[in-house]
Amino acid sequence: MNQVAQYYKYNQDELLVHKDNERYFAQHFKPEKEMHLTHWLNIHSLENKEDLTALMENLGLDKLLQEDVFINTKRPRLEEYPSYIFFSIISALPTTGAKYELKKERISFMMGDNFLVSFQEKVSDHFPIVRDRLESNRGKIRSKGPDFLLFRMLEAITDNYSEVVDRIGHDIEILDKLVLRNPKSEVLRRVEWEKRKLVDLRKTVVPMKELLLQLDHVENTLIVEDNSHYYHELKDTCLSLLDEIDAQKQMLEGIANLYYAIQGQRMNEVMKVLTVTSAIFIPLTFIVGVYGMNFENMPELKWKNGYFLVWGLMISIGGGLVLIFWKRGWLRRND
């Protein structure tokens, strides 16, 4: 079987990293035997339900919560039990290329006295910074327990939210320039795609903010009081992200309004040209119509130079109207 799980057990002085499959850890993951170490087991797939269920039963996870790991039906909320806490959240990663949907994934966490188990739906790299801190013994992570490790993992997910917001902000800057240079319907389509991504991201960040609020106020010995303020800071970060998301939505609405304004201006230019052209040719058409009625008693028809006089009259009228329209600015293009 493939190695779809990573296992870190550590303290300030030692670190052991092991990779294997779910069946191995269902049999050998026993953090209670080494209480002096912090244990982190990160699962990268939920396909092997039988072995994962055995693992969760060994950890004492409630059967209803076991189903929550596999079924994405509930709104994320914190579940507190005497020996562990459990919750699920939705992560988001920035997309590259012409992709107009968020790259999302549901991740579940179970934290006990000296262990943390994270269940990812698929293989994806959400926590490279956390692993780097553990392996290089950088910062406080090796000297603290699973509650601080959980903070670092939630911080990494929040950073991923920020990267998605930054990527969308970069795309908005491109659209802002594009709508002025080349306002085609494709621009409006991309604006709508970005708005949908922001709406989807907001639905992802709001539950995270509510969860962090619960973790900030939770009365549980599993979260050390000295570490609770970290969750408060993350909650403030989520609030800032929500403000940025709302600001970007307003920018996209402004770009859409600008697109419609430019299209309206272009239509006005076309209508102005057609109106001016009609205004010039209406009197000329009237003159031609009068002398095309073929009545016998029309004295101008017998004039020797009548043809040339009518041409001169029409050119004078047309030229005069063009001059008047030019002086009034009706023939100039509004850039």
Side-chain angles (χ1 to χ4, degrees), residues 4-12 14-20 22 24-26 28-46 52 55-62 65-66 68-69 76-91 105-121 124-135 137-160 208 211-212 214-216 218 220-228 230-231 234:
V4 292
Q6 293 176 318
Y7 176 37
Y8 288 76
K9 60 179 180 179
Y10 61 88
N11 59 19
Q12 182 65 41
E14 58 182 297
L15 170 69
L16 175 66
V17 182
H18 182 71
K19 297 180 181 180
D20 217 306
E22 304 97 323
Y24 173 86
F25 290 112
H28 298 92
F29 183 69
K30 301 183 183 300
E32 70 278 2
K33 291 187 176 181
E34 296 176 293
M35 295 298 296
H36 65 291
L37 298 175
T38 298
H39 305 259
W40 173 32
L41 179 60
N42 189 31
I43 307 295
H44 283 285
S45 173
L46 301 180
L52 288 177
L55 170 65
M56 290 184 284
E57 287 180 352
N58 291 340
L59 294 172
L61 185 63
D62 186 89
L65 298 182
Q66 292 179 24
D68 289 347
V69 172
R77 71 171 186 266
L78 183 67
E79 302 283 357
E80 292 187 67
Y81 288 80
S83 60
Y84 65 87
I85 60 175
F86 176 89
F87 62 89
S88 299
I89 54 94
I90 303 297
S91 68
E105 179 183 353
R106 191 167 187 262
I107 304 178
S108 300
F109 294 91
M110 178 184 180
M111 186 179 75
D113 286 327
N114 68 327
F115 71 89
L116 177 64
V117 182
S118 49
F119 301 89
Q120 297 181 214
E121 290 182 322
S124 53
D125 206 3
H126 293 276
F127 311 114
I129 297 177
V130 177
R131 286 192 287 270
D132 178 67
R133 286 177 179 272
L134 285 171
E135 293 169 4
N137 198 9
R138 182 161 54 91
K140 304 177 182 179
I141 193 167
R142 291 263 292 270
S143 62
K144 289 183 174 287
D147 57 337
F148 189 80
L149 173 63
L150 176 63
F151 155 71
R152 285 300 186 191
M153 295 178 72
L154 295 179
E155 181 186 45
I157 293 173
T158 306
D159 290 342
N160 290 337
M208 172 66 96
L211 173 69
L212 290 168
Q214 295 179 59
L215 288 171
D216 182 26
V218 68
N220 195 307
T221 57
L222 295 175
I223 297 181
V224 180
E225 185 176 355
D226 292 342
N227 294 332
S228 62
Y230 293 117
Y231 298 101
L234 276 184

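Computed from heavy atoms alone, side chains included, the values below leave out hydrogens, waters and symmetry copies.
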With side chains defined as the heavy atoms from C-beta onward, is the minimum distance between [X] and [Y] less than 4.5 Å?
{"X": "Leu61", "Y": "Phe86", "result": "yes"}
{"X": "Leu41", "Y": "Leu55", "result": "yes"}
{"X": "Tyr10", "Y": "Leu149", "result": "yes"}
{"X": "Phe127", "Y": "Ile107", "result": "yes"}

* To do: From the options Lys19, Gln120, His126, select the one residue that forms a side chain to side chain donor-acceptor pair (under 3.5 Å) with Asn42.
  =>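 One option only clears the test, and that one is Gln120.
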* **Distance-only polar pair, side chains of Gln214 and Tyr231, donor-acceptor under 3.5 Å** =>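 Note: Gln214 and Tyr231 side chains miss the donor-acceptor criterion.
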Measure across [X] and [Y] and return the closest heavy-atom pair with its distance rounded to 0.1 Å.
{"X": "Pro146", "Y": "Phe115", "answer": "CB-O, 3.7 Å"}
{"X": "Lys144", "Y": "Thr38", "answer": "O-OG1, 3.8 Å"}
{"X": "Met111", "Y": "Leu222", "answer": "O-CD1, 3.6 Å"}
{"X": "Glu121", "Y": "Glu105", "answer": "N-OE2, 2.9 Å"}
{"X": "Leu15", "Y": "Glu135", "answer": "CD2-CA, 3.6 Å"}
{"X": "Leu134", "Y": "Trp40", "answer": "CD1-CE3, 3.6 Å"}

What distance do [X] atom [atom1] and [Y] atom [atom2] have between them, rounded to the nearest 0.5 Å?
{"X": "Leu65", "Y": "Leu59", "atom1": "CG", "atom2": "CG", "result": "12.5 Å"}
{"X": "Leu234", "Y": "Thr158", "atom1": "CG", "atom2": "OG1", "result": "5.0 Å"}
{"X": "Ile89", "Y": "Leu212", "atom1": "CD1", "atom2": "CG", "result": "9.5 Å"}
{"X": "His36", "Y": "Gln12", "atom1": "NE2", "atom2": "CD", "result": "13.5 Å"}
{"X": "Met110", "Y": "Leu150", "atom1": "CE", "atom2": "CG", "result": "13.0 Å"}
{"X": "Asp62", "Y": "Glu79", "atom1": "CG", "atom2": "CD", "result": "8.5 Å"}

[X] side chain to [Y] main-chain N or O, any donor-acceptor pair under 3.5 Å?
{"X": "Asn114", "Y": "Glu34", "answer": "yes"}
{"X": "Glu22", "Y": "Leu52", "answer": "no"}
{"X": "Arg142", "Y": "Asn11", "answer": "yes"}
{"X": "Asn58", "Y": "Phe29", "answer": "no"}

* Asked: Is the count of non-hydrogen atoms from other residues, nucleotides or ligands lying under 6.0 Å from Leu16 atom CG greater than 12?
  ->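 Correct, the count exceeds 12.
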* Asked: Quick check: are there more than 12 heavy atoms from other residues, nucleotides or ligands sitting under 6.0 Å from NZ of Lys140?
  ->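 Open: at most 12 neighbouring heavy atoms sit under 6.0 Å from NZ of Lys140.
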* To do: Test side chain to side chain contact (heavy atoms under 4.5 Å, CB included) on Glu14 and Leu37 and set out the steps.
  => CA-CA 9 Å; Glu14 58 182 297; Leu37 298 175; 3.9 Å; yes
* Asked: Should the pair Tyr7 and His39 be assigned to parallel (<30°), tilted (30 to 60°) or perpendicular (>60°) ring geometry?
  ->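 Judged by the thresholds at 30° and 60°, the geometry between Tyr7 and His39 is parallel.
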* Close aromatic pair by centroid cut-off 6.0 Å: Phe148 and Tyr230 ->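 Distance test on ring centres: under 6.0 Å, yes.
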